[in-house]
Amino acid sequence: MKRLLPFIISTIFVLTLSLSGCSEMDRSGELREFLSANEDAFSEVFTEESCAFRECNRYMEKWAKANNIEVAFEGEHSMVLTNGAVKGYEDEPDCVLLCSFDTEKPSSNKDLISTGQTALLGPVDHGDITLVITEHSGAQSLGIAEVPEEYIKCDNLINLNTGNSNTILTAGPVAATSTFHNSSKDTESNYAQAFEIKMSMPEYTDPFDFVKGNSYPNPINTIGSFLASGKSSGKLFDIASFTSKSNKGYTPYFASAIVVVDSNHIESFKSRFEKSYDNMADKFENLEAEFEYTMEETDMPDKVLSEDVAGNLVSLMYTLNTGVCQQDEDSGLIYAASYIESVNASKGNLDLVVNIRARGESYLDSLSTEYETTAGLCSTTYKCKKTGRLWNSDAKSTLVGFFTGAVPLQGQIESATSLRQYENDIIAKDMPEQNMIIYTFEKGDRKTVLENIINFLDPSIQK
């Protein structure tokens with residue numbers, strides 16, 4: 001990785017000095033120039049190669065020192081920079097700007113971090129402004145949980161993200177956890193040869209990110225579909241166990257099933273697995289990620305699942321509607337989605353957990369009712385635990401009013417809600433009253449984004 005070049009820091013410092021005496025009228029123009037300088041400096045340091053978050057820390061420390069910005073907190077996966085209120089404006093509403101730094105693709109952070117840096121400098125007169133930078137690694141939000149609450153709690157929080165459109169999100173989805181259960185005594189198998197089918201994923205992924213290229217196959221669905229197709233084709237086998245591993249909130253990264261196969265169907269069973277493997281290989285070729293999907297002979301288990309429990313498990317794999325469950329055909333807007341978070345079929349018990357997210361209560365209730373019907377058809381009990389809306393902004397606040405006015409909502413009102421995971425979900429767990437929005441913007445509109453933020457932070461414009 002390249003080191004920060006001294007002449008770049010000097011250039012930025014010169015620009016900073018020129019800003020100190022500018023009027024409010026030419027402030028936006030000066031900041032746009034400064035944004036370009038920040039982008040050039042960032043490109044000199046960060047390439048496409050992955051890096052540790054400490055590289056971001058070092059870069060921001062030098063930038064902060066050159067611009068008289070205080071580094072208030074540094075963690076292993078996060079850092080906080082503050083620009084205190086101008087004298088006489090200490091009572092103005094304070095604002096937190098939140099940006100993520102993807103350590104797997106450092107160069108992709110340029111537009112986001114540079115916009116956050118420049119916005120931190122604020123208008124000529126301003127209240128307290130804070131910039132929080134948190135590490136992302138792929139889909140994992142590693143940094144937000146370690147930032148002390150004192151640096152997050154504020155009058156207004158703006159979570160900045162880059163994307164394919166300019167969007168203001170004012171609320172998180174409603175969510176629920178559904179559980180399917182069945183139990184019966186284990187039994188002995190009539191067959192004599194056991195195999196373990198395993199699938200492991202290269203990384204954690206957001207199951208509610210349906211952007212092409214971001215959605216990884218769920219190992220539970222993959223193995224479950226394979227077992228279901230085997231039963232439907234008349235293959236004779238017993239299921240001894242079906243288990244998974246996952247980090248809550250992410251697609252399971254591992255699943256394993258142990259089956260005992262009739263000796264007359266072993267070769268056809270292996271052939272069917274090879275076809276399943278080839279299908280996964282095709283999907284992962286497009287995703288450009290490695291994976292492991294194997295079927296190997298293993299020790300014979302003492303017991304297998306009863307015919308009832310195994311049959312109910314296979315029936316769920318056949319009929320359970322997961323992924324994108326409700327969607328507008330014209331706009332493509334997804335109203336409700338779900339994924340299988342875990343499965344534990346062993347020692348006579350079957351427990352399968354499905355997480356649901358929806359844009360509103362009616363969509364969630366509709367999907368939950370469908371699941372209850374599915375549970376009945378598959379002879380399993382069903383429970384649904386709702387967790388409510390994950391976060392919500394104050395619709396009457398200046399924050400929401402200003403930014404929805406600057407970036408009008410596109411299409412239906414539900415577009416102000418996203419099913420994806422954001423840091424806002426985590427913040428709201430401990431700070432449910434925090435007023436915040438998510439501002440997603442296109443690369444080409446970053447200067448407009450900067451101007452919008454500066455105008456929002458300008459007391460003379462807000463009054």
Side-chain angles (χ1 to χ4, degrees), residues 179-202 207 216-247 251-281 283-284 291-320 322 339-354 378-380:
T179 303
F180 299 80
H181 175 76
N182 187 227
S183 64
S184 182
K185 289 184 178 180
D186 281 343
T187 185
E188 293 184 356
S189 178
N190 295 319
Y191 313 126
Q193 193 162 359
F195 295 89
E196 182 177 16
I197 305 163
K198 296 188 294 186
M199 185 175 187
S200 60
M201 304 294 294
Y216 285 74
N218 186 325
I220 298 175
N221 291 85
T222 300
I223 296 177
S225 295
F226 169 70
L227 297 178
S229 67
K231 286 292 185 183
S232 67
S233 63
K235 300 299 179 288
L236 299 179
F237 64 92
D238 292 323
I239 301 174
S241 65
F242 190 3
T243 58
S244 65
K245 297 178 182 178
S246 62
N247 278 9
T251 301
Y253 59 86
F254 176 82
S256 168
I258 295 178
V259 297
V260 185
V261 185
D262 177 81
S263 58
N264 295 320
H265 290 86
I266 289 175
E267 292 307 315
S268 59
F269 197 83
K270 289 181 177 178
S271 176
R272 184 168 288 273
F273 175 79
E274 290 301 324
K275 291 180 180 178
S276 178
Y277 178 89
D278 290 342
N279 288 335
M280 286 300 103
K283 290 183 179 181
F284 276 93
F291 74 104
E292 292 185 6
Y293 186 28
T294 61
M295 185 177 79
E296 298 176 338
E297 191 170 353
T298 189
D299 295 337
M300 186 70 182
D302 295 332
K303 299 282 187 178
V304 295
L305 298 176
S306 69
E307 185 176 343
D308 286 344
V309 172
N312 294 335
L313 171 59
V314 170
S315 294
L316 282 174
M317 293 296 103
Y318 263 129
T319 58
L320 193 59
T322 58
Y339 75 103
I340 301 177
E341 181 185 59
S342 66
V343 61
N344 185 7
S346 62
K347 298 180 180 180
N349 293 307
L350 164 61
D351 289 288
L352 188 143
V353 178
V354 177
C378 297
S379 300
T380 57

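For the numbers below, each heavy atom of this structure counts, side chains included, while hydrogens, waters and symmetry mates do not. Quick note: residue numbers are just sequence positions, from 1.
- Minimum heavy-atom separation, Ser189 to Asp238: OG-OD2, 2.7 Å.
- A donor-acceptor pair under 3.5 Å is formed between the side chain of Ser232 and the backbone N or O of Ser229.
- Checked against the 6.0 Å centroid criterion, the rings of Tyr191 and Phe237 do not qualify as a close aromatic pair.
- Counting only N and O atoms by type, the side chains of Gln193 and Ser263 include no donor and acceptor under 3.5 Å apart.
- Nearest heavy atom pair, residue Pro301 against residue Val304, reads CG-CG1, 4.4 Å.
- The backbone N or O of Leu236 lies less than 3.5 Å from no partner atom in the side chain of Asp262, so there is not a single donor-acceptor pair.
- Here the closest heavy-atom approach between residue Ala194 and residue Met300 is recorded as CB-CA, 4.1 Å.
- Summarising the geometry of Met317 relative to Ala228, their closest heavy-atom pair is CB-CB, 4.2 Å, with the distance given to 0.1 Å.
- There is no side-chain donor-acceptor pair under 3.5 Å between Asn218 and Thr251.
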For Tyr293 and Phe226, run ring-ring contact (aromatic ring centres under 6.0 Å, His included): C-alpha distance rounded to whole Å, both residues' side-chain angles, the deciding distance at 0.1 Å, then the answer.
CA-CA 12 Å; Tyr293 186 28; Phe226 169 70; 7.3 Å; no
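- By the ring-ring contact (aromatic ring centres under 6.0 Å, His included) test, Phe291 pairs with Tyr277, Phe284, sequence neighbours left out.
- Under the 3.5 Å distance criterion, with hydrogens and angles disregarded, a donor-acceptor pair is assigned to the side chains of Asn344 and Ser346.
- Listed by chain and residue number, Tyr204 satisfy the ring-ring contact (aromatic ring centres under 6.0 Å, His included) test with Tyr253 (two or more places apart in sequence, or in another chain).
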